[in-house]
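Predicted model, so just to flag it, every value in this text is computed and none were measured.
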Amino acid sequence: MSGTGEKKWISRGNRRELCRTGVMTMVSETFECVRTGAIHDFITVDLIDWVVVVAETPEKELVMIRQFRHGSGRIELEIPGGCIDRKDRTPLEAAERELLEETGFAGENAHIIGKVCPNPAIQHNTCYVVKIDNVRRVSEPQLEDTEDIEHLIVPMQKVKELLKNGAVSHGIVLNALFFYLMDQYC
């Protein structure tokens with residue numbers, strides 16, 4: 001395998017903030033390629049870490065959600081998830097909170113089954129895939145003012161069909177469900 005191996009790009013400084021919001025900071029920084037000596041400014045995004053939740057009922061069904069996504073401009077079929085807030089001590093705590101807030105479901109044995117770098121070309125964050133077992137409805141959802149989420153209980157065979165027919169297009173959700181299926185069947 002060819003490539004950079006242990007060679008790294010060298011920061012030449014000039015790191016400057018281009019934009020800051022509540023969840024991200026866009027920065028530009030100058031780097032030099034060790035292989036060629038080429039110098040280039042790269043733009044990256046510092047983002048908060050995220051969680052997505054594979055919530056499984058005692059009947060081995062999954063809790064899924066539908067919500068409008070401004071990036072795609074359509075309602076997407078997903079699983080619960082969101083940002084790891086400052087008040088969350090761990091990704092597991094964030095996952096339990098997000099599941100309860102978005103769906104009113106809670107369960108037991110929250111554990112990380114995977115993690116991904118959503119887009120390492122431009123993003124500095126991690127998304128943790130958390131599985132929560134034996135979930136059940138314990139309350140009404142506590143949606144934020146900017147959320148409009150519908151939850152569904154989906155049998156495993158239907159989840160597989162949704163994956164095969166492209167009904168789930170959110171890349172992080174696809175990763176999470178494949179981690180789940182790998183955990184179940186490998």
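Both Ile112 and Ile132 are assigned to one and the same hydrophobic cluster, defined by single-linkage of ILVMFWY side chains at heavy-atom distances under 4.5 Å. Hydrophobic clustering (ILVMFWY, side-chain heavy atoms < 4.5 Å, transitive): Val154 and Ile113 are in one cluster. Following chains of ILVMFWY side-chain contacts shorter than 4.5 Å, one can reach Leu152 starting from Val173, so the two form part of one hydrophobic cluster. A single hydrophobic cluster is seen to contain both Met156 and Met182, as judged by linkage of ILVMFWY side chains at heavy-atom distances under 4.5 Å, directly or through other members. Leu18 and Val45 fall within a single hydrophobic cluster, where Ile, Leu, Val, Met, Phe, Trp and Tyr are joined by side-chain heavy atoms under 4.5 Å apart, directly or via other members.
Applying the side-chain hydrogen bond (donor to acceptor under 3.5 Å, both in side chains) definition to pairs two or more places apart or across chains, those involving residues 73-83 are Gln67-Glu78, Arg69-Glu78, Ser72-Glu76, Arg74-Glu76, Arg74-Ser169, Glu76-Ser169. Here side-chain hydrogen bond (donor to acceptor under 3.5 Å, both in side chains) pairs that include residues 154-168, with residues two or more places apart or in two chains, are Lys160-Tyr185. Sorted by first then second residue, the ring-ring contact (aromatic ring centres under 6.0 Å, His included) pairs that include residues 52-92, not counting sequence neighbours, are Phe68-His70. Counting only residues at least two apart or in different chains, ring-ring contact (aromatic ring centres under 6.0 Å, His included) contacts with residues 27-52 comprise Trp9-Phe42, His40-Phe42. Sequence neighbours left out, not one pair with a member in residues 83-103 passes ring-ring contact (aromatic ring centres under 6.0 Å, His included). Within the structure, the ring-ring contact (aromatic ring centres under 6.0 Å, His included) test picks out the following pairs touching residues 103-154 (sequence neighbours left out): Phe105-His151.
How far CD1 of Ile122 is from OG1 of Thr44: 9.0 Å, rounded to the nearest 0.5 Å. How far CG of Leu174 is from CG of Leu163: 6.5 Å, rounded to the nearest 0.5 Å. Going from atom OG1 of Thr103 over to atom CD1 of Ile65 covers 8.5 Å, rounded to the nearest 0.5 Å. In this structure, Glu108 CD and Glu96 CD are separated by 11.0 Å, a value rounded to the nearest 0.5 Å. Expressed to the nearest 0.5 Å, how far CG of Leu162 lies from CG of Leu177 amounts to 9.5 Å. Within the model, atoms NE2 of His170 and CD1 of Ile79 stand 9.0 Å from one another, a figure rounded to the nearest 0.5 Å.
Around CZ of Arg137, the count of heavy atoms belonging to other residues, nucleotides or ligands within 6.0 Å exceeds 12.
Looking at heavy atoms from C-beta onward, Asn175 lies out of side-chain contact with Val129 at the 4.5 angstrom threshold. In this structure, the side chains of Asn109 and Asn134 stay at 4.5 Å or more apart for every pair of heavy atoms. Phe179 is not listed as a side-chain neighbour of Val54, based on a closest heavy-atom distance of 4.5 Å or more. Looking only at side-chain heavy atoms (C-beta outward), Asn125 and Asp49 come within less than 4.5 Å of each other. Between Leu62 and Tyr180, the closest side-chain pair of non-hydrogen atoms falls below 4.5 Å. For the pair Arg97/Asp85, a side-chain contact is recorded, criterion being any heavy-atom separation below 4.5 Å from C-beta on. With a 4.5 Å cut-off on side-chain heavy atoms, Ile149 and Leu143 count as touching.
Through direct or relayed side-chain contacts under 4.5 Å between Ile, Leu, Val, Met, Phe, Trp and Tyr, Leu100 connects to Val138.
Partners of Asp133 according to the salt bridge (charged side-chain N to carboxylate O under 4.0 Å, His left out) rule, which considers only residues two or more places apart in sequence or in another chain, are Lys131. Residues meeting the salt bridge (charged side-chain N to carboxylate O under 4.0 Å, His left out) test with Arg16, sequence neighbours left out: none. With sequence neighbours excluded, no residue forms a ring-ring contact (aromatic ring centres under 6.0 Å, His included) with Phe178. Looking at residues two or more places apart in sequence or on another chain, you find a salt bridge (charged side-chain N to carboxylate O under 4.0 Å, His left out) between Lys60 and Glu56. For Asp148, there are no salt bridge (charged side-chain N to carboxylate O under 4.0 Å, His left out) partners at least two apart in sequence or on another chain.
In plain terms, the two heavy atoms of Cys127 and Ile172 that are nearest each other are SG-CG2, 3.5 Å. The shortest heavy-atom contact between Val168 and Leu77 is CG1-O, 3.8 Å. In terms of heavy atoms, Val63 sits closest to Pro80 at O-CD, 3.6 Å. Between Asp88 and Cys83, the shortest heavy-atom distance links the atoms OD2-O, 4.1 Å. Residues Val51 and Pro91 approach most closely at CG1-O, 3.5 Å, considering heavy atoms. The heavy-atom pair separating Ile153 from Pro155 by the smallest distance is O-CD, 3.9 Å.
Checking side-chain atoms of Gln123 against main-chain N and O of Ala121 turns up no donor-acceptor pair under 3.5 Å. No donor-acceptor distance shorter than 3.5 angstrom exists from the side chain of Glu93 to the backbone of Thr90, with no hydrogens or angles considered.
Between the side chains of Thr25 and Glu17, no donor-acceptor pair of N or O atoms lies under 3.5 Å.
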